Engineer: 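The structure follows.
Lettering of chains follows the sequences in order, A, B, ..., and the numbering in each one begins at 1. Nothing here was measured: the structure is a model prediction, and the numbers come from that model.
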Amino acid sequence: KQEVTQIPAALSVPEGENLVLNCSFTDSAIYNLQWFRQDPGKGLTSLLLIQSSQREQTSGRLNASLDKSSGRSTLYIAASQPGDSATYLCAVAEAAGNKLTFGGGTRVLVKP
Amino acid sequence: DTAVSQTPKYLVTQMGNDKSIKCEQNLGHDTMYWYKQDSKKFLKIMFSYNNKELIINETVPNRFSPKSPDKAHLNLHINSLELGDSAVYFCASSQDQGTGSNGYTFGSGTRLTVV
């Protein structure tokens, strides 16, 4: 059974620092891995999607890497801003199909 | 706007009542899902439908009955609501059962409170 873990559970940094969010998964048989952002009381916004054949994806200040063999992904957010404060969720689309399995999320606070 | 839209956004109801949550996607996706986010914010799959066919029923009580009239709609009906059903319910959709290049798209959620 696939298990997804995100460490740390919470992170507080001063504005301008780079953020590093970690995600690990137990079963490397995945189609893709997706990072989401969730603001309090809101839905999920997709940030980056990495296919299993890819090593990384970039969008603006965000960069996500994937090491499928070791079951790890890292989300980097450069030069953090207070507006980056949110919960970041990692999820894997299993090769067995038809669902995303989520980690517990990392709650990020960027202090001005 | 292309999106996954679900209604209502908030639902407060008494124990024992029956309620429905509606979901529609206009992305042309072939697979739709219901996820539940509990009080600890953990998201877990409940149901998955591909082209109106049930694919996943993840040990959800049979008080929960999804219905997919067509591949653009997936509604969730809940009978005899219990306090423990209080949660945020998210609808999502994807192409090719989640293997497509755009991944999953989520709705904004329905916050259900059972009193």
Engineer: Looking at Tyr35(B) and Leu100(A), what are the two nearest heavy atoms and their distance?
Structural biologist: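 Shortest heavy-atom separation between Tyr35(B) and Leu100(A) comes out as OH-N, 2.7 Å.
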
Engineer: Using non-hydrogen atoms only, which part of Leu89(A) is less than 4.5 Å away from chain B: side chain, backbone, both, or neither?
Structural biologist: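 For Leu89(A), the side chain is the part near chain B, not the backbone.
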
Engineer: Determine, step by step, whether Glu58(B) and Lys99(A) satisfy the side-chain contact (heavy atoms from CB on, under 4.5 Å) criterion, reporting the C-alpha distance in whole Å, the side-chain angles of both residues, the deciding distance to 0.1 Å, and the verdict.
Structural biologist: CA-CA 10 Å; Glu58(B) 198 83 347; Lys99(A) 66 177 180 180; 3.0 Å; yes

Engineer: To check you understand the geometry: which heavy-atom pair defines the closest contact between Phe102(A) and Phe106(B), and what is its length?
Structural biologist: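 Of all heavy-atom pairs spanning Phe102(A) and Phe106(B), the closest is CZ-CZ, 3.5 Å.
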
Engineer: Which atom pair, heavy atoms only, marks the closest approach of Ala93(A) to Tyr104(B)?
Structural biologist: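 Looks like CB-CE1, 4.2 Å.
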
Engineer: Decide whether Leu48(A) and Phe25(A) are clustered together by the hydrophobic rule: side chain heavy atoms of Ile, Leu, Val, Met, Phe, Trp, Tyr closer than 4.5 Å, transitively.
Structural biologist: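 Yes, same cluster.
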
Engineer: Is Val20(A) reachable from Leu33(A) through a run of hydrophobic residues whose side-chain heavy atoms are each under 4.5 Å from the next?
Structural biologist: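 Not linked; separate clusters.
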
Engineer: Heavy-atom count check: over 12 atoms from other residues, nucleotides or ligands less than 6.0 Å from Lys9(B) NZ?
Structural biologist: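 Atom NZ in Lys9(B) is packed in, count exceeds 12.
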
Engineer: Do the side chains of Leu21(A) and Tyr76(A) join up, straight or via other hydrophobic residues, at under 4.5 Å, putting them in one cluster?
Structural biologist: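 The answer is no; the residues belong to distinct hydrophobic clusters.
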
Engineer: Are Tyr33(B) and Tyr89(B) in one and the same hydrophobic cluster, where Ile, Leu, Val, Met, Phe, Trp and Tyr link if side-chain heavy atoms are under 4.5 Å apart?
Structural biologist: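 No, separate clusters.
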
Engineer: For residues Phe90(B) and Gln38(A), determine if any side-chain heavy atom of one lies less than 4.5 Å from a side-chain heavy atom of the other.
Structural biologist: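 With C-beta onward as the side chain, the pair touches.
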
Engineer: Supply the atom-to-atom distance Leu44(A) CG to Leu43(B) CG, rounded to the nearest 0.5 angstrom.
Structural biologist: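 Between atom CG of Leu44(A) and atom CG of Leu43(B) there are 5.5 Å.
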
Engineer: Report yes or no: do Leu83(B) and Val60(B) belong to one cluster of Ile/Leu/Val/Met/Phe/Trp/Tyr joined by side chain heavy-atom distances under 4.5 Å?
Structural biologist: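 Yes, Leu83(B) connects to Val60(B) through the hydrophobic network.
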
